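Everything on this sheet refers to the single structure shown next.
All ligand and atom numbering here is 1-based and tracks the order in the structure. All values derive from a computational prediction rather than experimental measurement.
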Amino acid sequence: MLFNVCNCVPATSSLAAVTLCAGGAGFVSAVIATLAAGAKTAPAKTLRGAVPVVDRLAVRMVTDNIVIQFVPTEKRDGLTIERRSGNTVPDKPPRTILNGEWGLAMYAESQAGNETRHLLIDFGYTPEVLLNNMAILKIDPALFDAMVLSHGHYDHFGGMVGFLNANKGKLKPKLPFYVGGEDCFCLRRNPGGNFGALDRKAILDADLTLMMASEPAIVADHAFTTGRIGETSFEQPLRTTTEIVGIFDGFGCFPEKMPAAKNTGTYIPDDFDHEIGTNYLIKDKGLVVLTSCSHRGVINTVRQAMAASGIEKVHAVIGGFHVVPPLGDDYINRTIGEFKEIDPDYLIVGHCTGDRFYDLARAALGEKVIHSAVGTRFVFGVN
Ligand SMILES: [Fe+2]
């Protein structure tokens, strides 16, 4: 994973930037990455017509910010919430436990008739937490039918390389790995400094097939991605990161695959043009939208899923909503107002949602607002 971007200063054009970085191993690996990318990268199959319908969907929070204890499992209409507590290995000393961290990873098991599909969405911040939690939760990566990365932020891909190394030879050959577009690979900075970049070479070396899904796409027969999320609501979510176009020491986004306007040779405000949500349609219930981090706006994400599928009924929204300070009560209440219009049955808030949003949404919408937590499994459909 990238921490030292390049021993050079990016120049004013991407070509110059690459040239300035040339002469070392970085340039060589960039060229290799280019060749490899051409060989194993494919456009995702664009969604045409009706979206698939599943009978049942179980979403397990593998990495999340919060650990909750002492909350019993409960059943609601069309939803079972299985909480994890107690010793994780009952017949041994309690040495291992589910860990929370700033990050998100979700494991989705869907069922349509006799057919089951398994998806991993995002990888959390660290491989240590991801692998620890996966082991305790008995998640078998050999079952995965696809993996989706929601966007190019470290708290969502930081665990990826460690996960791939730990599961060498165990994943299905050519396993599809979905991202929303080339922008996902750009180097990013946050207010604290270097925020890393997605390791394209690690993806390709792991025999994954990199699927570019800027349009809505079917994933593993049962799910669909939103494609590019339009900015259709009032939302102006916080976007504290910047990005730069170009390849630096083998990492980054290819200038020729990026909009020319972004190719300035400097860090520019991050527009999250590549962020995608992952969604399912549950029989007789409606859409379940997995938002991940909602940098394009949580309402925009949900409305994009509705538009892509042509389905108006939203059963649940689950993930990070990103309604955080300094966004204040006015903004939060407008978001809640939009949710009242969409009228989902459940809002399952996790990761980057924000405590104040939870408090106000819970006050306004009551029991339908549910805290996510590490290890919790949300089972939709038959119960
Ligand atoms: Fe995030």
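- The atom name of the N/O/S atom in D155 closest to the Fe ion (ligand 1) is OD2.
- Between NE2 of H351 and SG of C293, the angle at the Fe ion (ligand 1) works out to 100°, rounded to 10 degrees.
- Remark: the R83 side chain and the T376 side chain contain an N/O donor-acceptor pair separated by less than 3.5 Å.
- If you check the side chains of H351 and H156, you find a donor sitting under 3.5 Å from an acceptor.
- Distance check for H322 against the Fe ion (ligand 1): none of its N/O/S atoms falls below 2.8 Å.
- At a threshold of 4.0 Å, the pair R60-E109 does not count as salt-bridged, since none of the basic side-chain nitrogens sits closer than that to a carboxylate oxygen.
- The pair E115-R117 counts as a salt bridge, with a side-chain nitrogen and a carboxylate oxygen less than 4.0 angstrom apart.
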